[in-house]
Amino acid sequence: MIGTGRIHIYYGDGKGKTTAAVGLAVRAAGAGLKVLVFQFLKDNSSSERKVLEALPGITCLPGRERVKFVGNMNGDERAEFRHYNNKALDEIIKFCGPFDMLLLDEVLCALELDVISEEKLISFIRHKPRGLEIVMTGHEAADSLLEMADYVTKVQKIKHQFDLGRSARKGIEF
């Protein structure tokens, strides 16, 4: 165990939030800590996930097989996706007890898009298991979460290939 556990946030419009969080998970696993990972807004095929699943000490909870961009969802699909994410968080809360670190990738984006309950997430963080380190990523972070966090890293975009209309490349952007 690592003591009382701290809250980490990686957010902003720059590239590297998930990469930094995954690096922290790898470091923790290398130190013998047990890490639990769940990726919101992503399917089970991200490049980082393939490596994480192969590492001792890291458990990746399965997500949906196919995830549609929230902006392309109709009202019923959004409501169903919100329900799915809230149920996923309920399962994570039940399952995380024996772990030292919990990585909630893109959970801040799920909050921003209103496809997960902010109240449920904040309540979980306030009542989390004592030794659990929680790492969250996304584009925007609610003030309430920033206040609760022990580590906050804002990743700022200066230049990005998307701005030039270039497509995401497997292994680099996803």
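Owing to the predicted nature of the structure, the values given are computational and were not obtained by experimental measurement.
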Could you go through residues 56-66 and list every donor-acceptor pair under 3.5 Å that involves a side-chain atom there, pairing it with any protein atom two or more places apart or in another chain?
unit_1 : atom_1 : unit_2 : atom_2 : d
Arg64  : NH1    : Glu80  : OE1    : 3.3
Arg64  : NH2    : Glu80  : OE1    : 2.6
Arg64  : NH2    : Glu80  : OE2    : 2.7
Glu65  : OE2    : Asn44  : ND2    : 2.9

Begin with the C-alpha distance, continue with both residues' side-chain angles, and end with the deciding distance and a verdict on side-chain hydrogen bond (donor to acceptor under 3.5 Å, both in side chains) for Gln39 and Ser46. CA-CA 9 Å; Gln39 294 183 296; Ser46 68; 3.1 Å; yes

Exercise: identify the closest heavy-atom pair between Asp43 and Val67: N-CG2, 3.7 Å

With a 4.5 Å limit on heavy-atom distance, are the side chains of Asn85 and Val107 in contact? no

Min side-chain heavy-atom separation Met101-Leu36 under 4.5 Å: no

Output for pair (Lys154 NZ, His139 NE2), nearest 0.5 Å, gives 12.0 Å

Within-4.5 Å side-chain heavy-atom neighbours: Ile92 and Leu104: yes

Which residues share a side-chain contact (heavy atoms from CB on, under 4.5 Å) with Lys87, sequence neighbours left out: His83, Asp90

Run the salt bridge (charged side-chain N to carboxylate O under 4.0 Å, His left out) test on Glu133 and Lys128 for me, step by step, so that the C-alpha distance in whole Å, both residues' side-chain angles and the decisive distance to 0.1 Å come before the verdict. CA-CA 9 Å; Glu133 204 90 359; Lys128 71 178 184 61; over 6 Å; no

Under the criterion side-chain contact (heavy atoms from CB on, under 4.5 Å), I'd like the reasoning laid out for Asp100 against Val35: C-alpha separation, chi angles, the key distance, then a yes or no. CA-CA 6 Å; Asp100 301 299; Val35 180; over 6 Å; no

Got a donor-acceptor contact below 3.5 angstrom from the Thr137 side chain to the Tyr10 backbone? no

Pair Ser144, Glu118 - check side-chain hydrogen bond (donor to acceptor under 3.5 Å, both in side chains), show working. CA-CA 10 Å; Ser144 56; Glu118 183 175 351; 3.1 Å; yes

Nearest heavy-atom approach of Thr18 to Glu106 is OG1-OE2, 4.0 Å

Are Tyr151 and Leu103 grouped together when hydrophobic residues (ILVMFWY) are joined by side-chain heavy atoms under 4.5 angstrom apart? no

Which pair of non-hydrogen atoms, one from Gly171 and one from Ser47, has the smallest distance, and what is that distance? N-OG, 3.7 Å

Under the side-chain contact (heavy atoms from CB on, under 4.5 Å) criterion, do Lys42 and Arg49 qualify, and how do the steps go? CA-CA 10 Å; Lys42 294 180 179 178; Arg49 185 182 181 92; over 6 Å; no

Check each of Leu132, Asp150, Val152 against Ile7 using the side chain to side chain contact (heavy atoms under 4.5 Å, CB included) test, and report the only one that passes. Asp150

Under 4.0 Å between a Lys/Arg side-chain N and an Asp/Glu carboxylate O for Asp114 and Arg78? no

Quick one: CD on Glu140 to SG on Cys109, what's the gap to the nearest 0.5 Å? 8.5 Å

Do Leu121 and Met136 come close enough that some side-chain heavy atom pair is under 4.5 Å? yes

Could you tell me how the ring of Phe99 sits relative to the ring of Phe95: parallel (under 30°), tilted (30 to 60°) or perpendicular (over 60°)? tilted

Look only at the side chain of Lys17 and the backbone of Gly12, and say whether a donor-acceptor pair between them is shorter than 3.5 Å. yes

Side-chain ion pair, Arg82 and Glu77, N-O less than 4.0 Å: no

Start with the C-alpha gap between Leu146 and Tyr11, add the side-chain angles, then the distance that decides, and say whether side-chain contact (heavy atoms from CB on, under 4.5 Å) holds. CA-CA 10 Å; Leu146 291 173; Tyr11 82 109; 3.9 Å; yes

Set out, in order, the CA-CA distance, both residues' side-chain angles and the distance that settles side-chain contact (heavy atoms from CB on, under 4.5 Å) for Leu41 and Asp105, then state yes or no. CA-CA 9 Å; Leu41 309 180; Asp105 188 32; over 6 Å; no

Show the nearest heavy-atom pair for residues Ser117 and Lys120, with the distance to one decimal. OG-N, 3.0 Å

Using every non-hydrogen atom in the two residues, find where Phe40 and Ala110 come nearest and quote the distance to one decimal. CB-CB, 4.3 Å

We want to know whether Arg6 and Thr4 form a side-chain donor-acceptor pair, criterion being a heavy-atom distance below 3.5 angstrom. yes

Quick check on the hydrophobic clustering: are Val155 and Val135 connected, directly or via other members, by side-chain heavy-atom contacts under 4.5 Å? no

Should we count NZ of Lys68 as having more than 12 external heavy atoms under 6.0 Å? yes

Please examine the side chains of Ile172 and Lys15, heavy atoms only from C-beta on, and report whether any two atoms are closer than 4.5 Å. yes

With a 4.5 Å heavy-atom cut-off, do Phe38 and Leu89 have their side chains touching? no

Kindly give the heavy-atom pair with the smallest separation between Pro129 and Gly97, and that separation in Å. CG-CA, 4.3 Å

Asp13 side chain vs Lys157 backbone, donor-acceptor pair below 3.5 Å: yes

